[in-house]
Protein chains: 2
Amino acid sequence: MKRKVTLKQIAKELDVSISTVSKSLRNSLEIGEETRLKVQAFAKFYNYKPNNIALSLKNRKTKTIGIIIPEIVHYFFSTVINGIEQVANENGYSVIICLSDDSFDKEVRNMEMLANGSIDGFIMSLSKETQLKGDFHHITEVINQGMPVVMFDRVTSEILCDKVIIDDKSAAYEAVQSLIDKGRKKIALVTTVDYVSVGKLRTDGYTKALLDNGLPFNENLIIKIEDVDTCEVIIGKLLEDKAIDAVFAVNELFAVTSIKAANKMGLNVPEDLAVIAFTDGIISKYSTPTITTVSQSGKKMGNRAAKMLIERLELEHKDDEEEDENYKTEVIETHLVERESTN
Amino acid sequence: MKRKVTLKQIAKELDVSISTVSKSLRNSLEIGEETRLKVQAFAKFYNYKPNNIALSLKNRKTKTIGIIIPEIVHYFFSTVINGIEQVANENGYSVIICLSDDSFDKEVRNMEMLANGSIDGFIMSLSKETQLKGDFHHITEVINQGMPVVMFDRVTSEILCDKVIIDDKSAAYEAVQSLIDKGRKKIALVTTVDYVSVGKLRTDGYTKALLDNGLPFNENLIIKIEDVDTCEVIIGKLLEDKAIDAVFAVNELFAVTSIKAANKMGLNVPEDLAVIAFTDGIISKYSTPTITTVSQSGKKMGNRAAKMLIERLELEHKDDEEEDENYKTEVIETHLVERESTN
DNA sequence: TTTCAACACTATTACGTTTTCGTAAACCTA
DNA sequence: TAGGTTTACGAAAACGTAATAGTGTTGAAA
């Protein structure tokens, strides 16, 4: 139970000053070889490692990135974290993760807590509640304090900062187009409530694809799921009444649930009903049938977001008051992963 | 772009000492009401918040928990994080997450980095490589420095510390017993390589269940998957040759792959082949047929682990050199979630 | 008048680093 | 030997906070 040794202790033990110890360990030329080697040997023996907190305080940077996401038990978000962690790690950064649980208050609390010196910058995706309220003061505040923020996936145009997104609209367009190309005429959209930014965009893409192909746009073919649990019933109803031949779901869960509902009614996927899901996750790959998806590489998003943040951090460190602030929005390309649920 | 205000700045601005500002903000009685209110008003106006890093340095605790896990894009691990974060959050702790990617070196590097003052304690699950090597010096070292460690799921008996596990052996026993109870006689085990601690234990439970029921133990019915990609072929072969009537898989992926392999050969699940998986994740719930699983509540594990760690942290803070070190191993109960893949 | 307490505030220290500046001693040069 | 330059080290400040230990003034009790 030997506590970590500090410069002070080493200095005392070797009867030199703290400065001498510090300089010796950083191989400063100011220190004579004899002393330097002695100190280094001693430090090595006691396994001296500089205290990160003290360094953070002194350097006024923590080499830590704060991540705030709605939830973590979620394939997409965990792949994003994976991507962030990878780049962060390669650049000597750690990541500290906070979950908003899709709650505005928790998002605000977490941001305030982290903004008080704990981290150098944020990577975040907005909570549902925040998007609903449209209140982004906590983010503005952080940015005004000079702390860089990178938003991904669930972003808002009301905040000026770096962003990483996919082109939800054209990805949705492409998916629906592919259904149309396969002869599907009555395509339902299973989506979330409107205030989630990505949900809105995907709906736009869906609509545009229909109209561009001269297909009728029918409000009744769009169902907005609030609660996953009731999802199956609602979808079942849709299948029964409307004689639809394809489903475009904004996430895997809605897609797999649609398939289950179809199966229960004796419909075959893909023969009677084609299904495409947004987000290429684990469910699509292992469901029966496997599901055609719009791949939305979370890992790549994480990589890019981390890269953008770190670049800004290292840059702003160089010449402090540049204030260029030429914020970028990077768009990650998507593509259709064709599987058994379409033919 | 106003940087965060500090005590010093407030003091200078109001022409009082730093101590006065500090005490005013903490409502000390030593400070006269007039001054106190003036300071508080000023601080509020400039949105003063104490700097976490400075507090950490002063208090010699960071209120941060370090988590080291093999991977994050993994249902079980992300639920554990969710559980940890929840309890941590309730107790004013943050979590900083590092991924070992199942690599020994990365695990060591991450631990060393975090151990240098960044966190107050660890919660971790061993990487495969670490378990294979059997080298735990990095963990011993951290513990010797007085930093508490809680291990979960993938643990080792070679390290004395708090642990949270499930009773893998008896959970496996129970699962296999349930298959036997349903009349299955030729039960295959699809597992991982041996050095993963939990894999070994689950195999033991499987074996014991067979023997206790007077069923023959057949080495050939146990297949150890090294690489998920080759899994389907191997399982297919097993089904062909051995005329088995049930599969007990140590994770969801192996289970769903077994089902796919069976389907391809025209076998029906559960009629011709019953399947049980370890770990109740998202795949089991949404696969077709849904899969009977051994629920292994990651969230609960996370909750317990965080609780144990925080309790130890707060305790050791009270009377520093108690050295009781009565380490506990908590066992999280499991239960069988019966679904369509067994009957 | 002395003493002592209460009041209202400040100085200092400590946490662990790094770095700037300073300085004594030794050496070199003319 | 006076003056200058190296060499080798130390003191102190700085990062931001909080707690302990003062300090000086006032007023009241002895």
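Bear in mind that the values here come from a model prediction, so they are computed numbers and not experimental data.
A/N116 has its CG atom 13 Å from the C1' atom of D/dT17, to the nearest Å. At whole-Å resolution of the value, CZ in A/R60 and C1' in C/dT18 are 14 Å apart. Rounded to whole Å, atom C1' of C/dG16 lies 11 Å from atom CD1 of A/I53. The CD-C1' distance, from A/Q9 to C/dA14, rounds to 14 Å in whole Å. Protein atom CD1 of B/I10 is 14 Å distant from nucleotide atom C1' of D/dA18, rounded to whole Å.
Here A/L7 lies in heavy-atom contact (under 4.0 Å) with a base. Residue contacts for B/T6: at a heavy-atom cut-off of 4.0 Å it reaches the sugar-phosphate backbone alone, with no base atom in range. Within 4.0 Å (heavy atoms only), A/K49 reaches sugar-phosphate atoms of the nucleic acid but no base atom.
Neither OP1 nor OP2 of C/dT17 sits under 4.0 Å from any side-chain N or O of A/S22.
Taking both residues in full, the closest heavy atoms of A/I96 and B/S94 are given as CD1-CB, 3.8 Å, listed atom of the first, atom of the second, then distance.
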* To do: Summarise protein proximity over nucleotides 7-14 of chain D in one line of letters, 5' to 3': B for base, S for sugar-phosphate only, - for none, counting protein heavy atoms closer than 4.0 Å.
  => -BBBBB-B
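In terms of modelled atom types and a separation under 3.5 Å, the side chain of A/N110 and the main chain of A/L99 share a donor-acceptor contact.
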Interface polar pairs with nucleotides 23-28 of chain D, N/O, under 3.5 angstrom:
none

